[in-house]
There are 2 protein chains.
Amino acid sequence: METTAPAAKRTGGRSALVLGAVKRATEELIEEKGRERLTVPMIAERAGVNPTSIYRRWGDLPTLINEIATYRLDPARPLPETGALRDDLTGWAREIVEHYSTPVNAALLRGGASVAGERESDCLRNRRAEATIFVGRHPEAGITPDQVIDHLVAPIIYRVIFLPWSLDDTTAERLVSDLFDLPSRA
Amino acid sequence: METTAPAAKRTGGRSALVLGAVKRATEELIEEKGRERLTVPMIAERAGVNPTSIYRRWGDLPTLINEIATYRLDPARPLPETGALRDDLTGWAREIVEHYSTPVNAALLRGGASVAGERESDCLRNRRAEATIFVGRHPEAGITPDQVIDHLVAPIIYRVIFLPWSLDDTTAERLVSDLFDLPSRA
DNA sequence: CAGTTAAAGCAACTCTATTTGCATTAGACT
DNA sequence: AGTCTAATGCAAATAGAGTTGCTTTAACTG
């Protein structure tokens, strides 16, 4: 039986080159033309690769886009660890805002959005994992991963997608501030 | 010169029928197949309309989807007006959650997301207008439209798009509660 | 209740995405 | 090195999207 992944047999050399070229080409083109005007042959040409190779590897464009969107922000990068939850989250949120301020990444996110829900393709699942790490370090703060998602990640992502012009380098701090300081109101 | 809009000349009768049929067909199909596998000819067939008519009216699929996504939640519907901001927002948020719990509307939203940013196609602009009305009625609460967007609308939309299974009928209240009650923390 | 013409239909055509079978290249393993 | 075969390339075939010119229908106007 093969519950264990089929495991790609050839990962280096030419295959890796193609992979990289396709990835790069997709990123460039999605930024230039946007998700809606992107096609597989277009990517293939830019990558100097045969379209067939793309179809055979990924099956279709949505799959390709989703894969790239998911792993763009390195899941292995170091996370802020200042000792204070608020500072950790501020640094982290800043990084996310900055990341998605790049047109490439914003475009990829929108592409990811259009295929989300259909499969297990939540290209932001890594963000949730990271949020969990942060709050786990400071249980005394009484903040839940869900709250971080709802009040920090969600607003950023929402604005990236629908109101990109509204993002600036004060956004992260403002949101963290809301998260911690929203006073009780009558 | 025609800087002034061409202005549609025929709005009733057959035109209206086509419009309705196309709208309905698009909604059905985007739910069935998802944004990515939707095509104009497909819609035309389901609607019993000639593809040409769609191309000529809307130009392309993204435009069509965006238009439908924008006006799905009737902008003229009555808004909650209980006298208390918190209750208004709770009712409103509930309505939004319920709206997007329908697969059709969720799919349309994702479709809207994939074309957002590229044009003035913020299919959620009406939500912002509504938020402004609510906080405008209760300036004493000290809540801004931006905060409503960030902490109420954004989390809902985020979950609709990426984590649809996480929405339930407690979501709206939870978010409003966070918005009002998030205690100050160290 | 005509006349005008916007909007829809139709059909042939173009263009481009996607598929498929086969040949070629080159990773991985011995 | 040599073998096996996964992965790519190539090219022809298919399919379906989108375009265009023209015809027909029927919504508005007077």
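Residue numbering restarts at 1 for every chain, and letters A, B, ... go by the order of the sequence lines. No experiment lies behind these values; they were computed from the predicted model shown.
Residue pairs satisfying the salt bridge (charged side-chain N to carboxylate O under 4.0 Å, His left out) criterion with at least one member in residues 152-162 of chain A, sequence neighbours excluded, are listed as follows: A:R159-B:D146, A:R159-B:D150. The stretch residues 40-90 of chain A participates, sequence neighbours left out, in no ring pair (Phe, Tyr, Trp, His ring centres under 6.0 Å) pair at all. Applying the ring pair (Phe, Tyr, Trp, His ring centres under 6.0 Å) test to every pair with at least one member in residues 81-114 of chain B, sequence neighbours left out, gives these pairs: B:W92-B:F134.
Not counting sequence neighbours, B:E45 has no partner by the side chain to side chain donor-acceptor pair (under 3.5 Å) test. Under the side chain to side chain donor-acceptor pair (under 3.5 Å) criterion, A:D168 pairs with A:T170, sequence neighbours left out. For B:A84, the side chain to side chain contact (heavy atoms under 4.5 Å, CB included) criterion is met by B:T82, B:D87, not counting sequence neighbours. Remark: B:E98 engages no residue in a side chain to side chain donor-acceptor pair (under 3.5 Å) (not counting sequence neighbours). Among residues two or more places apart in sequence or in another chain, the side chain to side chain donor-acceptor pair (under 3.5 Å) test is passed with A:T52 by A:N50.
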Would you be so kind as to tabulate the donor-acceptor pairs closer than 3.5 Å made by side chains of residues 20-30 of chain A, with sequence neighbours excluded?
{"residue": "A:T26", "atom": "OG1", "partner": "A:V22", "partner atom": "O", "Å": "2.7"}
{"residue": "A:E27", "atom": "OE2", "partner": "A:R72", "partner atom": "NE", "Å": "3.0"}
{"residue": "A:E28", "atom": "OE1", "partner": "A:R46", "partner atom": "NH1", "Å": "2.6"}

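To the nearest angstrom, C1' of D:dA27 lies 15 Å from CG of B:L19. Rounded to a whole Å, the CG atom of B:D60 is 14 Å from the C1' atom of D:dT19. Atom CZ of B:R37 and atom P of C:dA17 are 18 Å apart (whole Å). Taking atom OH of A:Y55 as the reference point, atom C1' of C:dT20 lies 13 Å away to the nearest angstrom. The distance from atom NZ of A:K33 to atom P of C:dT16 is 12 Å, rounded to the nearest whole Å.
Taking the side chain as every heavy atom from C-beta outward, B:N66 and B:T70 approach each other to under 4.5 Å. Annotation: side chain of B:E31 is not in contact with side chain of B:L108 (no heavy-atom distance under 4.5 Å).
Axis deviation across the helix from C:dC1-D:dG30 to C:dT30-D:dA1 amounts to 60°, comparing end segments of five pairs, rounded to 10 degrees.
A heavy atom closer than 4.0 Å to some atom of DNA chain C occurs in A:T39, A:V40, A:P41, A:T52, these being the qualifying members of residues 38-54 of chain A.
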> Nucleotide by nucleotide, 5' to 3', does protein get under 4.0 Å of the base (B), only the sugar-phosphate (S), or neither (-) in nucleotides 22-30 of chain C, counting heavy atoms?
Replying inline: B--BBBS--
